[in-house]
Amino acid sequence: MISLSRTCFLNNAGVSELYSPANSTRQRRYAASLKVVASAGERNGTVVMEGALKESKDVSSVVEVDNKSTVGGGVQDVYGEDSATEDQFVTPWSISVASGYTLLRDPHHNKGLAFKDKERDAHYLRGLLPPTVVSQELQVKKMMHNIRQYQLPLQKYMAMMDLQERNQKLFYKLLIDHVEELLPIVYTPTVGEACQKYGSIFMRPQGLYISLREKGKILEVLRNWPEKNIQVIVVTDGERILGLGDLGCQGMGIPVGKLSLYTALGGVRPSACLPVTIDVGTNNEKLLNDEFYIGLRQRRATGQEYAELLHEFMTAVKQNYGEKILVQFEDFANHNAFDLLAKYGTSHLVFNDDIQGTASVVLAGLVASLKLVGGTLSDHRFLFLGAGEAGTGIAELIALEIAKKGLIVSSRLESLQHFKKPWAHEHEPIKGLVDAINAIKPTVLIGTSGVGRQFNKEVIEAMSTINEKPIILALSNPTSQSECTAEEAYTWSQGRAIFASGSPFPPVEYEGKVFVPGQANNAYIFPGFGLGLLMSGTIRVHDEMLLAASEALAAQVSQENFDKGLIYPPFANIRKISAHIAANVAAKAYELGLATRLPQPKDLVKYAESCMYSPSYRSYR
Ligand SMILES: NC(=O)C1=CN([C@@H]2O[C@H](COP(=O)(O)OP(=O)(O)OC[C@H]3O[C@@H](n4cnc5c(N)ncnc54)[C@H](OP(=O)(O)O)[C@@H]3O)[C@@H](O)[C@H]2O)C=CC1
Ligand SMILES: CC(=O)C(=O)O
Ligand SMILES: [Mg+2]
């Protein structure tokens, strides 16, 4: 238990990929050197329009090559393509246009029954689809109907992942239009169960797997990813997946899920998102003995071996994607998370969602709750159960906001992990949470322990005895690890608690009144925060940007929300919320001189909205 002044703790796309010619430096270079001549040679399937730079004579029947603009080399020539000689090997990357059966199997461009008659003629789809042509809206209605037929959340998750692999735009349309219903499926809590069973439900690989076997070759592995213009990477090593512990390589569900939210909630293009899982082994005996486990069957590498792999990854990422690639660390164990953030925070654009994103969302909720409970932040006392990434991250940001740190309980100081030390304070050792509440008299109780059911009846009653409106935040995920349920918080506090949780709970009726619990989850922050960094071309994350994100989120809580006891706005409005967060974060980046997209757009909210990906179908010529 620790504390501060008033804060206490207890595709692979292959040949069917249709690249936009201006999508990457490499593609721009190709686009500059090639003019696509007609498609007279098209067949049902893929029309190859380009060969490797060094092999352009082989494809001269379909392209005209302007040799003048292809030579070069230099700092952008990461793979040595431009400077290679004939006796050196290069990879024959190609740009191609999908049609026919290949087009129907391409998730980026497939529209299923929504292909119009003209498109069916132009793209060799006749006979490959039944005659009916439907709208995207009808497809959404049908998919929602189908998903609702499944009894189990994991079945719904698998249906959503299948859709993402079949028809990406329809997947995002569904997620955006039905965000409150589908967020618990593609995200917490269901994604937790999916990770636990990833080996068994694994059908098509998603994301990029970088294991110890790829040591020395990470740059080449990055190049195997079909998309070249990556802007955001969410990376995990799978050691602290939600509150479920070490799930090794099966943690991949988390970067995949977080990045679908980057797109659906924050509007970042799916093709700019790269989920990565670093596999250094697992200490989870159950997984090591599970015949369906998909990762390396060895105990976790640590120390220098771990640090070297991570360093090679971070170096390769910057070399391949440049200075402005955003790397979001997710669900690393705390013994690595703080060190990675400190190590790469000065050389890369990095953000730790569990430390920083969580802090920002909780600070926003606390600022908003002042409207319900009164006073200022510094009038409140914060008691934390769990002094890890989320807990100390939140404390740090609250302290930054009220700009004063306080006492430290020092009896355990020597044995404390470094990130806990600033929060230890002078106090008699306290045994249980109820005793801590009675001694410290917190106004806010925050659960970040990863251990479920810690806020029992006595705990909530103790908080309710001290406070007229106790603020109870049960942040641990998934639902099984939540410190208490919404029903418990409202019932045991006799309807007086201001409650929010990391995973969603349904509304609760208590003595004739309906209470709608809020969701205190970093999903409110990271999509808009990331968009703000990207749209301003920011090169480093600064704590002030986290405060800016909190401020923007708190400002989105309406009187109608407060009247229902909510301290967060509904997720239904998340794109608008993300645009405001992005604008505030970008404004701070410009103010701090960290933005590179110049000149600064006049209206940053409008600019953020204009940057957002739309999942509507495009018409194909
Ligand atoms: N709602 C949200 O947006 C977010 C929620 N979370 C959730 O928060 C939880 C914790 O995540 P994170 O902070 O990253 O994990 P950490 O492992 O870094 O922190 C957990 C901390 O809780 C402590 N702890 C464990 N059991 C108890 C207990 N019974 N009493 C008191 N302290 C205890 C641990 O102590 P020790 O160090 O001694 O082991 C550790 O310091 C997870 O369930 C995660 O899903 C995380 C990020 C965002
Ligand atoms: C929400 C989140 O990031 C977590 O529980 O780890
Ligand atoms: Mg997380």
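For the numbers below, each heavy atom of this structure counts, side chains included, while hydrogens, waters and symmetry mates do not. Atoms within each ligand, like the ligands themselves, are counted from 1 in listed order.
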Can we call the ring centroids of [X] and [Y] under 6.0 Å apart?
X      : Y      : answer
Tyr490 : Tyr510 : no
Phe571 : Tyr524 : yes
Phe351 : Phe526 : no

Using heavy atoms and a threshold below 4.0 Å, how should the contact between [X] and ligand 1 be classified: side chain, backbone, both, or neither?
X      : answer
Ser476 : both
Asn521 : both
Thr358 : side chain
Ala520 : backbone

What heavy-atom pair brings [X] and [Y] nearest, and what distance separates the two atoms?
X      : Y      : answer
Val541 : Phe529 : CG1-CZ, 3.9 Å
Asp237 : Ala333 : OD1-N, 4.4 Å
Asn477 : Asn521 : ND2-ND2, 3.7 Å

Enumerate the atoms of ligand 2 whose separation from the nearest heavy atom of [X] is less than 4.0 angstrom.
X      : value
Arg240 : 6 (O)
Lys258 : 1 (C), 2 (C), 3 (O)
Glu330 : 3 (O)
Leu242 : 4 (C), 5 (O), 6 (O)
Asp353 : 3 (O)

Side chains of [X] and [Y]: donor-acceptor distance under 3.5 Å anywhere?
X      : Y      : result
Ser482 : Ser501 : no
Gln556 : Lys576 : yes
Thr443 : Asn467 : no
Ser503 : Gln519 : no

Write the atom name of the N, O or S atom in [X] that is nearest the Mg ion (ligand 3).
X      : answer
Asp354 : OD1
Asp331 : OD1
Glu330 : OE2

Quick test of your reading of the model: are Arg300 and Glu305 salt-bridged, counting only N-O distances below 4.0 Å? no
Margin query: What I want to find out is whether Lys258 reaches Asp353 closely enough, with some N-O distance under 4.0 Å, to be called a salt bridge.
Written below: yes
Q.
In this structure, does ligand 2 have an atom that sits under 4.0 Å from one of the heavy atoms of Asn522?
A. yes
Residue part near ligand 2, for [X], under 4.0 Å between non-hydrogen atoms:
X      : answer
Thr188 : neither
Ile254 : neither
Thr358 : neither

Give the atom numbers and elements of ligand 1 that come within less than 4.0 Å of a heavy atom of [X].
X      : result
Gln454 : 29 (N)
Gly243 : 42 (C), 43 (O), 45 (O)
Asn334 : 16 (P), 17 (O), 18 (O)
Gln417 : 37 (O)
Gly502 : 1 (N)
Lys420 : 36 (P), 37 (O), 38 (O), 41 (O)
Gly450 : 9 (C), 10 (C), 42 (C), 43 (O)

Original post:
Quick one: does Gln481 get a heavy atom under 4.0 Å from ligand 1?
Top reply: no
### Query
For Gln519, is the nearest heavy atom under 4.0 Å from an atom of ligand 1?
no
Does any N or O atom in [X] lie less than 3.5 angstrom from one in ligand 1, N or O only?
X      : answer
Leu475 : yes
Asp354 : no
Ala390 : yes

Please work out which of the three classes, parallel, tilted or perpendicular, describes the rings of Tyr344 and Phe329, given edges at 30° and 60°.
tilted
- What orientation do Phe382 and His380 show, parallel under 30°, tilted 30 to 60°, or perpendicular over 60°? tilted
Within the structure provided, determine whether [X] and [Y] are in side-chain contact (heavy-atom separation under 4.5 Å).
X      : Y      : value
Leu531 : Met612 : yes
Val276 : Val327 : no
Ile446 : Thr448 : yes

Q) What about Tyr187: any of its N or O atoms under 3.5 Å from an N or O on ligand 2? A) no
Checklist line | Flag if over 12 foreign heavy atoms under 6.0 Å of CD, Glu461 | finding: yes
Filtering Ser503, Ala474, Ser449, Gly357 for the heavy atom nearest atom 24 (N) of ligand 1 leaves Ser449
Restricting to heavy atoms, the pick from Leu473, Asp353, Leu385 nearest atom 31 (C) of ligand 1 would be Leu385
Of all protein heavy atoms, the one nearest atom 5 (O) of ligand 2 is Asn477 ND2, 2.7 Å
